[in-house]
Amino acid sequence: MVSLRKITHQNLCACIYDIKTTEEQEDFVDSNVESLAEAYTSITNGGFATPYAVYDNDTMVGFVMYTFADKPGGDLFPPYVLPCYYIWRILIDKNQQRKGYGKQVVGKIIEEIKTMPHGRADRIYTSWNPNNIASKLLFESFGFVETGDIDGGEVVVKLDV
């Protein structure tokens, strides 16, 4: 069973340097360095980015981040209907894939979002590269449906909560 832990001084370097995609997946997800920079920018500008290291017992196996947006000009822009939550990143280390971690992480993030930790919203969004079939299947297994919108070349999907 996975657990989600805050990014700390103790696990920051492992998150940045040890958690990587396969070479074929590099176009599907930004690096954890970029994700943490975006989280910093969000938080220091009044946003709600929430990054976590993903662990299986004491082994870091991935990274995930979501945000909440309730006003224009924050972390999300159209086509997203505000207020909403957005699963911004999920990256399971290339050596830890196909072990069920992705499904566990998405389940835990949805559970957390349903507690409305940053504010009320009726929907959760995410997006994926149209060539990323694994992400498509993963999020569809939770009931995410395509909105018909494209954001930065990615397919936008939502789940009503």
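- Atom-to-atom distance recorded for Ile92:CD1 and Asn95:CG is 12.0 Å, nearest 0.5 angstrom.
- Taken from CD in Glu146 to CD in Glu140, the straight-line distance is 6.5 Å, to the nearest 0.5 Å.
- Note on Leu91 and Phe139: separate hydrophobic clusters, where clusters join Ile, Leu, Val, Met, Phe, Trp and Tyr whose side-chain heavy atoms are under 4.5 Å apart, directly or indirectly.
- Side-chain heavy atoms closer than 4.5 Å link hydrophobic residues (I, L, V, M, F, W, Y) into clusters, and following such links, even through other members, never connects Ile43 to Leu12.
- Comment: Glu38 engages Arg89 in a salt bridge, judged by a side-chain N to carboxylate O separation of less than 4.0 angstrom.
- Taking CD1 of Ile110 as the start and CD1 of Ile87 as the end, the distance is 5.0 Å to the nearest 0.5 Å.
- Hydrophobic clustering keeps Tyr80 apart from Val157 (ILVMFWY residues linked when any side-chain heavy atoms are closer than 4.5 Å, directly or through intermediates).
- For residues 19-39, the set of pairs meeting the ring-ring contact (aromatic ring centres under 6.0 Å, His included) definition, not counting sequence neighbours, is empty.
- In summary, the side chains of Asp56 and Tyr101 do present a donor paired with an acceptor at a separation below 3.5 Å, with no hydrogens or angles considered.
- Linking ILVMFWY side-chain heavy atoms closer than 4.5 Å, directly or via other members, places Trp88 and Val81 in a single hydrophobic cluster.
- Using a 4.0 Å cut-off between a side-chain N of Lys or Arg and a carboxylate O of Asp or Glu, Asp58 and Arg5 qualify as a salt bridge.
- With hydrogens and angles left out, the side-chain atoms of Ser42 and Asp75 include a donor and acceptor closer than 3.5 Å.
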Derivation and outcome, side-chain hydrogen bond (donor to acceptor under 3.5 Å, both in side chains), residues Ser35 and Asp30: CA-CA 7 Å; Ser35 296; Asp30 291 324; 5.9 Å; no
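- Tyr125 and Thr147 form no side-chain donor-acceptor contact under 3.5 Å, judged by distance and modelled atom types alone.
- In the hydrophobic cluster analysis, where Ile, Leu, Val, Met, Phe, Trp and Tyr join through side-chain heavy atoms closer than 4.5 angstrom, Leu76 is grouped apart from Ile90.
- When all heavy atoms of Pro79 and Val156 are compared, the pair lying nearest together is CG-CG2, 4.3 Å.
- Looking at Glu112 and Tyr85, their side chains never bring a donor and an acceptor atom within 3.5 Å of each other.
- One finds a salt bridge joining Lys158 and Asp160 here, because a Lys/Arg side-chain nitrogen approaches an Asp/Glu carboxylate oxygen to under 4.0 Å.
- Judged as a ring pair (Phe, Tyr, Trp, His ring centres under 6.0 Å), and not counting sequence neighbours, the contacts of Phe48 are Phe68, His118.
- For the atom pair NZ (Lys103) and CZ (Phe142), the distance works out to 5.0 Å, reported to the nearest 0.5 Å.
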